[in-house]
2 protein chains.
Amino acid sequence: MSPAEQPQPSRTAAVRRPTLNAVAARAGVGRGTVSRVINGSPKVSDRSRAAVERAIAELGYVPNRAARSLATSRTDSVALVVPDAQSRLFAEPYFSEIILGVSAGLSSAGMQLLLVLTGDETEYGRLAGYLAAQRVDGVLLMAVHAEDTLPDRLAELAVPTVLAGRRGEAERLGHVRADNRGGARLAVRHLLAGGRRAVATITGPPDMDVARGRLDGYRDALRDAGVPVAEELIAAGDFTEQGGRAAMRELLRRRPDLDAVFAASDVMASGAVQELRAAGRRIPGDVALVGFDDSIVARHIDPPLTSVRQPLAEMGRTMASLLLEEIAQRGTGQRGVVLPTELVVRESA
Amino acid sequence: MSPAEQPQPSRTAAVRRPTLNAVAARAGVGRGTVSRVINGSPKVSDRSRAAVERAIAELGYVPNRAARSLATSRTDSVALVVPDAQSRLFAEPYFSEIILGVSAGLSSAGMQLLLVLTGDETEYGRLAGYLAAQRVDGVLLMAVHAEDTLPDRLAELAVPTVLAGRRGEAERLGHVRADNRGGARLAVRHLLAGGRRAVATITGPPDMDVARGRLDGYRDALRDAGVPVAEELIAAGDFTEQGGRAAMRELLRRRPDLDAVFAASDVMASGAVQELRAAGRRIPGDVALVGFDDSIVARHIDPPLTSVRQPLAEMGRTMASLLLEEIAQRGTGQRGVVLPTELVVRESA
DNA sequence: ATGCCGCGTGGGAGCGGTCCCACGGGGTGA
DNA sequence: TCACCCCGTGGGACCGCTCCCACGCGGCAT
């Protein structure tokens, strides 16, 4: 045996896995043919295809992703970016369920999911270049703020991007969101149908699109029912429990006669419950309450909270397919997709 | 300009990014030197290093991960595998918080996090080969069942692996877990200190290590206090709300005189609350209750639940560092790490 | 019979890094 | 002065795949 024929010792301790070359040799065909079989090209004779498939099975061959990626300059992976993950926001089932949907939507297309949780600001700033350099095929962006510039930088770098939610009405990038306005309308209509007339609302931060949508829905429902909108029945929260309590206290001060509250999130609703209790109001006897999100707390607070449900997993799946579409052919694909919400009636209203 | 000098049109629409070659040309050095600078080799003169660093900055160069990975047969990425993600279990803050810690622990080492959520069984079965073929540098495995063989197959394939929790006392693989036994002991000791004597427990599935640990802690605390363990005060749940209700009902039937319950999870505790209410018992007046996990429901059920907290984020961080250690030098690294738990006292006990 | 077409095919040339060998030049000791 | 060493360096070979060009061959029209 000449030196050249001796197998080179591998550098790493890892098991040496069969290459496409090995498959070709075993199947008695060329590399090109094996590649064609793997990639499902029709230009392969049945004979060769069978031989290759047998060789693949016998060797337990699986293509090396790095090599393929280097050759094609695709990666078959997308990044899911959650900014600001520290702020235990990430622990909200909101994210998990969307991720679940995303994962389902991607894996059926053979795509990998890269989870990128960014901590501080500066880290987030570096992200655009980083993502482009990693050559992920696309990016899913969660929880973008109105003034966030990352989406635009990604767009400049020609990285296909899909957002969860939009930054504002004029969002140019592809995105998926729930019908917040419609959901809020459902909630308030339900309160009105229950005979309530002084319906207050605790909103989210006014600079967030979801918050505005839910407030608009509140107004819609009142208008539809011919009930005038009273501005003193509207108080701003910030999607936190504390914010919910403060807003509720303020509302009770302004309008002690209120008989219903629509809170733009379950967490704020839970704060409202505490404040209502403290003020001696019974729920739903004195004050009916509806939340938004149908999160886990909705089922567990006392009384169980009527809430608006968003189809989170489906939103994730939709995000995945929008992104795949955009990756396949840039510039195609619908801009924004709105998914319907639904009212889950429990005991609080 | 000869044809050979004309830039080749790039195949994809993406912007062509500078390569290491371009940096070398611009800096007036060889490829090797650039590579050395990037990888922090000391064998580079200050002069060359400065020139290279300038060129890198000017071109905005970022190394191509696929190429590096092909050459080194490392990937600088690890997979986090969550089996069975369908079962909305994944939505538990448990996972999110651990993932948060994992992400923090990895990103500081420049490692990427690949999230792999498996649905059905067959998919899970293919996973070992798949993971080895993707050449992730390591695997983090969540929620392994006692009879799960994936860890062993990964070990055979020489893939560094760290588990969240262990399959049993004899776990050979690296893993991180909370001190379940100690936490349970804290919980039950707290109940005894409150003057309770007929302390029941709702356990998890007996084939799960966490469940056994928490049951052992329950026994420990009673023994420490000289209170005999009564088997009829022990009922098995399955970590679901339904299971908790059923177990609580059974316990009330067996021992109507019980005055305290330690539930091995908050979710089961929440089921127990419902059943206790239905039986007309007040909490904590008639029956004191302690849960486990300090999950979000603990804060929101009525009354707020005293519960045992596990340091989830830290568990994630520890998993990451164990894995990195194992990747750096196989076979080193401690087998199992146990992190302390802590009792969070609220109003239920 | 001869040309032509087109199908299946083999294999060369990259993709962009790392690894390592070989080489030039300045310092050191004999 | 000469041999030796070591340090910094350039660049060839290679990682495993895809892309694409060129080629052989059988079937069809001429």
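In what follows, every chain begins at residue 1, and chains take the letters A, B, ... in the order their sequences are listed.
Here the P atom of nucleotide D/dG12 and the CG atom of B/N21 are 11 Å apart, to the nearest Å. Rounded to a whole Å, the CG atom of A/L20 is 14 Å from the P atom of D/dC15. Spacing between atom CZ of A/R65 and atom P of D/dT18 amounts to 12 Å, rounded to whole angstrom units. In this structure, A/L70 atom CG and D/dC15 atom C1' are separated by 9 Å, rounded to whole Å. Between the CG atom of B/N64 and the C1' atom of C/dG16 there is a distance of 6 Å, given to the nearest Å. Remark: C1' of D/dC17 and CZ of A/R17 are 16 Å apart, rounded to the nearest angstrom.
Within residues 35-60 of chain B, the residues approached by DNA chain C to less than 4.0 Å at the level of any non-hydrogen atom are B/S35, B/R36, B/N39, in residue-number order.
Listed nucleotides: D/dT18, C/dT18, D/dG16. Nearest to the side chain of A/T72: D/dT18.
For B/D148 (side chain) and B/L150 (main-chain N/O), a donor-acceptor pair under 3.5 Å exists by modelled atom type. For A/S45 (side chain) and A/S48 (main-chain N/O), a donor-acceptor pair under 3.5 Å exists by modelled atom type. Between the A/S77 side chain and the A/M111 main chain, no donor and acceptor come within less than 3.5 Å of each other. Panel note: side chain B/D137, backbone B/V78; no donor-acceptor pair is recorded below 3.5 Å.
Looking at heavy atoms from C-beta onward, A/D152 lies in side-chain contact with A/R172 at the 4.5 angstrom threshold.
A donor-acceptor contact under 3.5 Å links the side chain of B/R31 to the base of D/dG12.
Closest non-hydrogen pair, B/P160 versus B/E326, comes out as CB-CG, 3.6 Å.
Looking at which nucleotide of DNA chain D each of B/A67 and B/G28 is closest to, the 5′-most match is held by B/G28.
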